Amino acid sequence: MDFSEINFWVVLISGLFIIRIIRMLLRDLRGLQKILLLLLSLILLGMASWETLLMFLFVSLSAYGGCRHGMHLNIRGRKWLLACMIPVILSPLFFYKYAYFFSAHVISVPWDCMRDLLIPIGISFYSFQVIGFCVDTLMRREPLPSLINYLNFCSFFPQIVAGPIERRKDLLPQLSSVSLALQTRNLNIGIRYIILGLFFKMVMADNLACAFVPNYQGQCAWMLWVQNLIFAFRIYFDFAGYSLSAYGLARCWGITLRFNFLSPYTATNIREFWRRWHTSLMQWFRDYIYLPLGGSRTKFRMLNILTVFAISGLWHGAGWNFVLWGALCGISVVLYRVFQRTGISLPPFLGWVLTFSLMLFMWMFFYDSHAENLSRHLQLLIQPGAYSLAALVRDLKGLHGQGLLALLFVPLSFLMLYIEHLSWKRKGRPYALFLSVPACSVLVFALITLEANRGVMFIYFAF
Amino acid sequence: MKRLLFGLALAVIFGCLFNVLFLYRFAPSRCFWRRCAEVSDRWAEQLRTSQQPCYIFIGGSETRTAIDPAYLKDHFSLSTINAAEHADMGGICHYLLGEPYMRRGDTVVATCAYDFNKPPTISGLRFVWTRMGYKMFREGNVDLNYKNLHRLLSGEPVALAALLIKGPLPNEPIERYDRDAVIHPSGWMEVLTREEQERPAIRILPQETLQAPAESFVAGLCNAERQCRARGCRLLLRLQVEQREENARVIKAFYILHLTRRGFRILKEEALGCDSDAATYADTLNHLSAAGVRKHNAALGRALAQELFWTEEELITFLRERGWDDQGHRAGQKQNGGNGGSDLRHALP
């Protein structure tokens, strides 16, 4: 369900056209709207592969069956049921994503048949969304919705593949009363977000992806920082682009999803960064792992933070570098909390520089999956002799072809950040300034003239 | 909503206009290769006054740098046109770029490196559009569909970045061949830089094997030959010259043996496209220097003038003399696969 692919829009518009015809024929669609929405979502999901659709149905239906059974149990029974259901829900995720990693790197018995398994898209996201649903329903005693409403909640096509991971209290009521009639007011807002999302993805992220050299072999530490900068912006624009497109699509039908990104790179401290980056996942971890572990009310709160971030790292990918990345992020948050207790407050600009630089450094652990590369890059960063401006100028002058995209799109990325910062300051919302008619027109012009034309997949589809 | 839609519509219109203007008028790389093509056009116009049949060379930049029509004219009285452009166009485009020059009785000489079934790349499609326009859909082998239309109209951020960043810089060409190459009036592109001159010739890597051409590749050649015949032309093949050790010639010999058996005629040059002398090359492993062009064109001209082609017997003898049979096996050793696949560990001197 790649919003930047023409196939998605062809199927979506065809589906809406068919729905429109059905509306004209039947006039009263109240009973059918939810079924039609569900069919549309399942068809769009099934476009990826049969396996993707089957895995989704297995996860969602087994969870629903469990919740239905749990309605008759007492609280203790529900806890035991949940303890059994969660492994079942996570089993496909474990099988497709972690089986080879577990076999090769944990128990050292490589199951080579598991190595190149294609992960069904969206499994990391909807599995967590379904677990959240089960916990809220069984432990917080929320009523069980009808099967149709539940399946629509799980499969809602704008957000099923790459989030945001929604909660039943936010999305379910909206979907229970959804109308498939497109209203001008909703379209007016939704289209603007879709344009912004596609610009972030197809112009910014994809061009930065072309400029990125994952296995930098040079001897200039500044250039390595430039590569980190390119990746940092790439992953942000890619994922934020998807989330904004999802938000806009949902908004076309009057459904309000949560903002997954709140301009995280304008944060002035690391804690604020993680409150703005992939907010739905971080809040999920907070509510379903951190708080049950005791949260801040226990003496193990720092350990809880580290645990949550390490798991978050593992969620992103089956590799020790992801766990290490997560752990480093956790350590940085812990250190910030300790620093906060000193009462010292940094000027906002200095705070921003430190936070941004720290994230640039930590992204290296995210994209460098080979220990040798990572080790070489770390050594390069700590060599004072590698910080030669002459070497940087020489390397920049030697850029040609796709390398030149870095010189255009990195400054453009900073410009985007600045506009996000101004949006916060003037409008209290991170993307407000991008949504005016002149801004949207400029974004569309940029989409047509600067589209990378390379068909780079959304990066979070791999998770 | 109306304001939004109006704004978006304007943006789409201006965006497309900007792309058409930039892609087909100002894109630096396209401008350079278009100049090459225009020089070849003028040369072809001169040649056609004599009514003599021409040899039309098609291919990528290695052909553009390797064939000097003026040399072939002066030394062998051969009328040749260099219709090659840059690589990475898609074999279909390389053929289409030669078509405007073809007349009944001409000979098309293609390099054994281009798959004529390969569909156009984005840059190939755009370049062919500048030369043929809508005719490429009507008469060429290019599908008129949404995908190709999108490729014709969508942006080229790399070229735009090059123009914006290098344009204002003094003494910094946007397209490197503007500084590093000279286009002679015959259409030969002489590359002036020789950064790789000290690099030793590439040796055969142990895991390299004798490989027959893929069926799809042969099908592409058959297709090209059919199209040439339909225009009253014949198709010949040549091997591109690469900086390889001489013992890599067995790879080439085995490869063209299969083409010869399928009825294709490959111009006979003793070097079989492998020349380890670094002085033969300019900036890459297959762009020839001026000295390399003279050497190669002398051999090529002789082959063309005397109609010398590799025969099956000659190639089998060549392989046998080097310890290989015509199935790609070391002589005296039967190995898996009848179509080659033996490794060349023992071929290293």
Side-chain angles (χ1 to χ4, degrees), chain A residues 4-7 9-10 182-195 198-199 202-204 206-211 252 396-412 435-455, chain B residues 1-23 26-29 86 88 121-123 125-126 145-169 171-177 179-180 195 283:
Chain A
S4 61
E5 287 285 321
I6 191 70
N7 289 343
W9 295 100
V10 167
L182 293 168
Q183 294 179 0
T184 310
R185 181 171 43 91
N186 291 328
L187 277 175
N188 199 359
I189 300 170
I191 287 174
R192 294 170 199 237
Y193 277 102
I194 292 171
I195 289 170
L198 291 178
F199 169 79
M202 294 165 72
V203 175
M204 301 303 297
D206 286 357
N207 279 304
L208 287 165
C210 294
C252 289
L396 289 175
K397 271 188 157 179
L399 287 175
H400 62 276
Q402 289 177 347
L404 285 173
L405 293 173
L407 294 179
L408 181 61
F409 283 92
V410 167
L412 205 53
L435 302 177
S436 63
V437 171
C440 284
S441 305
V442 169
L443 294 181
V444 167
F445 180 83
L447 263 167
I448 290 170
T449 56
L450 291 175
E451 182 205 345
N453 220 352
R454 283 283 300 271
Chain B
M1 182 72 173
K2 281 183 189 164
R3 263 189 74 216
L4 176 67
L5 290 176
F6 180 70
L8 298 185
L10 275 184
V12 168
I13 291 167
F14 279 114
C16 290
L17 283 175
F18 177 89
N19 277 352
V20 167
L21 206 60
F22 175 74
L23 292 174
F26 295 111
S29 173
H86 63 80
D88 189 34
T121 59
I122 291 177
S123 62
L125 196 71
R126 288 174 181 175
N145 53 30
Y146 165 78
K147 187 178 171 190
N148 281 338
L149 286 174
H150 177 249
R151 286 160 132 206
L152 279 176
L153 284 175
S154 61
E156 207 164 292
V158 175
L160 196 56
L163 197 61
L164 289 173
I165 291 161
K166 290 189 172 179
L169 296 175
N171 305 321
E172 189 67 39
I174 304 169
E175 165 58 42
R176 74 175 179 103
Y177 284 130
R179 177 193 58 200
D180 297 345
E195 296 152 4
D283 60 332

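Letters go in sequence order (proteins before strands), and every chain restarts at 1. Please read all numbers here as calculations on a predicted model, not as lab measurements.
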Taking side chain as everything from C-beta outward and backbone as N, CA, C, O, which of these in [X] sits under 4.5 Å from a heavy atom of chain A? Side chain, backbone, both or neither.
X        : result
B:Phe14  : both
B:Ile122 : side chain
B:Lys166 : side chain
B:Leu8   : both
B:Tyr146 : side chain

Under 4.5 Å from any heavy atom of chain B, what part of [X] do you find: side chain, backbone, both or neither?
X        : result
A:Ile191 : side chain
A:Ile195 : side chain
A:Ile189 : neither

Considering only heavy atoms and a distance below 4.5 Å, find which of A:Leu450, A:Leu187, A:Val203, A:Leu443 pairs most often with chain B.
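Going by pairs under 4.5 Å, I would pick A:Leu450.
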
Just give me the residue among A:Leu447, A:Val442, A:Asn207 that pairs up with chain B most often, heavy atom to heavy atom, under 4.5 Å.
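The residue among A:Leu447, A:Val442, A:Asn207 with the greatest pair count is A:Asn207.
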
Assess the residue pair A:Ser441 and B:Leu10 against the criterion (side chain to side chain contact (heavy atoms under 4.5 Å, CB included)); give the C-alpha distance rounded to whole Å, side-chain angles, the decisive distance to 0.1 Å, and a yes or no.
CA-CA 8 Å; A:Ser441 305; B:Leu10 275 184; over 6 Å; no

Could you give the distance from [atom1] ([X]) to [atom2] ([Y]), rounded to the nearest 0.5 Å?
X        : Y       : atom1 : atom2 : answer
A:Asn188 : B:Lys2  : CG    : NZ    : 12.0 Å
A:Thr449 : B:Leu21 : OG1   : CG    : 12.5 Å
A:Thr184 : B:Leu5  : OG1   : CG    : 9.5 Å

Which atom of A:Leu405 lies closest to which atom of B:Ala161, heavy atoms considered:
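What the structure gives for the nearest pair is CD2-CB, 4.3 Å.
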
Name the one of A:Leu408, A:Leu404, A:Leu407 that satisfies side-chain contact (heavy atoms from CB on, under 4.5 Å) with B:Leu164?
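Looking at A:Leu408, A:Leu404, A:Leu407, the match for B:Leu164 under the side-chain contact (heavy atoms from CB on, under 4.5 Å) is A:Leu408.
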
When B:Ala162, B:Pro157, B:Ala159 are compared by non-hydrogen pairs under 4.5 Å with chain A, the top option:
B:Pro157

